[in-house]
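Remarks on the structure that follows.
In what follows, chains are A, B, ... by sequence order, proteins preceding strands, each numbered from 1.
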Number of protein chains: 2
Amino acid sequence: MRKKTIEDYVELVYNLQKGKKIVHTNDIASALSINPASVTEIFQKLSEEGYINYEKYIGATLTKKGRTLAVKTKKKHNKITEFLILLGVDKEIAETDACEMEHILHPDTMDTIIKFVEVIKKCEITPFWLNRLKEYTKTGKLPKCPPELYQICTKYSKK
Amino acid sequence: MRKKTIEDYVELVYNLQKGKKIVHTNDIASALSINPASVTEIFQKLSEEGYINYEKYIGATLTKKGRTLAVKTKKKHNKITEFLILLGVDKEIAETDACEMEHILHPDTMDTIIKFVEVIKKCEITPFWLNRLKEYTKTGKLPKCPPELYQICTKYSKK
DNA sequence: CCAAATTTTTAGGTATGCCTAAAAATATAT
DNA sequence: ATATATTTTTAGGCATACCTAAAAATTTGG
């Protein structure tokens with residue numbers, strides 16, 4: 001398994017903190033199937049670096065810095081998931097791949113993906129286009145583009 | 001830096017082996033800016049697991065198993081790069097992001113990306129569509145879709 | 001062909017991220 | 001209220017992926 005990043009932990013603390021005030025060692029340990037003792041070490045590190053307020057035997061809460069990072073990370077995560085689902089990737093797989101991708105993508109790539117999703121959602125001809133992608137993914141065949149459509153597209157592309 | 005995988009090393013050996021018979025410890029060491037001693041350890045591991053033929057003080061060549069993995073990995077790499085460039089990501093950034101993505105993407109996601117690239121390249125209206133994406137990425141504005149085009153698309157989508 | 005320079009390996013060290021076992025603190029139940 | 005159960009921490013261990021220094025093998029130049 002990939003080494004977990006600070007982002008991973010902060011995001012997890014954020015998710016677990018929903019509705020509760022404090023996240024306990026054990027919450028993280030069982031969420032990740034690791035030993036509570038390891039979480040103690042992680043908490044100590046996150047605390048040193050200013051992402052959480054941590055008190056021995058009590059638990060942890062995100063600092064402002066931690067919450068900011070968590071929210072940013074979650075946003076990336078959601079955008080990537082949405083992107084992959086739009087392309088036709090299965091929801092669950094999109095979710096796990098997004099979880100990996102969010103850590104590695106260059107900000108420019110991230111921006112491109114965000115724009116892509118927006119255009120997909122705004123552009124009127126996208127549904128047609130996506131249908132063709134699905135069709136091709138399923139059958140391996142791409143139906144011929146209606147000639148009148150092709151004509152219009154080339155006309156407008158030249159502008 | 002992310003932990004390097006067997007795929008990384010095998011792909012690198014493959015690239016360095018181009019035109020030479022044998023890859024030396026030092027080739028890898030300087031390519032990755034790590035110590036030659038570390039490469040010795042890596043070679044020992046790769047050899048144990050059957051990816052390279054390795055002889056002390058001589059160097060390494062890929063086995064059939066190693067070459068197969070290298071080619072497969074390179075193909076993934078190239079497809080992802082192509083995909084990102086199509087979306088509008090800068091060539092260099094596409095390259096480095098692809099290098100990370102190739103290790104983590106689920107095979108289904110990989111397939112989807114491959115199909116996507118194929119459709120992008122085959123579908124006659126794609127250039128029009130991509131123009132709009134570029135336009136939107138640059139200006140933040142999406143020009144209104146010509147009504148006649150919209151009509152045709154919705155007509156054909158319903159089929 | 002052999003001495004010097006270069007390359008590669010060996011041996012041992014460091015940092016990290018996890019582990020287990022046991023000690024310490026906290027929570028619960030009668 | 002205190003004994004018992006639970007949770008958390010401490011202390012020490014293991015594996016891995018890198019490192020450095022020095023030994024060993026190979027290559028090169030006169």
- Item | Beyond-backbone contact of Tyr9(B) with Lys45(B), side-chain heavy atoms, under 4.5 angstrom | no
Below the 4.0 Å mark, does [N] have OP1 or OP2 next to a side-chain nitrogen or oxygen of [X]?
X	N	answer
Lys45(B)	dA17(D)	yes
Lys56(A)	dT10(D)	yes
Asn26(B)	dT6(C)	no
Lys3(B)	dA17(D)	yes
Tyr54(B)	dT9(C)	yes
Thr40(B)	dT10(C)	no
Gln44(B)	dT10(C)	yes
His24(A)	dT7(D)	no

- Item | Which nucleotide in dC19(C), dC19(D), dT9(D) has an atom nearest any side-chain atom of Ser38(B) | dC19(D)
- Note on the structure: Looking only at dC18(D), dA24(D), dT9(D), the nucleotide nearest the Ala37(A) side chain is dT9(D)
I need the [atom1]-[atom2] distance between [X] and [N], as an integer number of Å.
X	N	atom1	atom2	value
Asp27(B)	dT8(C)	CG	C1'	12 Å
Phe43(A)	dT8(D)	CZ	P	9 Å
Met1(B)	dT16(C)	CE	P	18 Å
Ile34(B)	dT8(C)	CD1	C1'	14 Å
Ile28(A)	dT9(D)	CD1	P	12 Å
Ile42(B)	dT8(C)	CD1	C1'	14 Å
Arg2(A)	dG17(C)	CZ	P	13 Å
Glu55(A)	dT7(D)	CD	C1'	16 Å

- Name the residue closer to the 5' end of DNA chain C, choosing between Asn35(A) and Ile58(A) according to the nucleotide with the nearest heavy atom. Asn35(A)
- Message: If I take atom CD from residue Glu95(B) and atom CG from residue Leu84(B), how far apart are they, to the nearest 0.5 angstrom?
- Response: 10.0 Å
- Task: Examine distances only and state if a side-chain atom of Thr63(A) and a backbone atom of Gly50(A) form a donor-acceptor pair shorter than 3.5 Å.
- Result: yes
- Message: Using the side-chain hydrogen bond (donor to acceptor under 3.5 Å, both in side chains) definition, which of the options His77(B), Lys76(B), Lys74(B), Lys72(B) pairs with Glu102(B)?
- Response: His77(B)
- Message: Classify the ring geometry of Phe83(A) against Phe83(B): parallel below 30°, tilted from 30° to 60°, perpendicular beyond 60°.
- Response: tilted
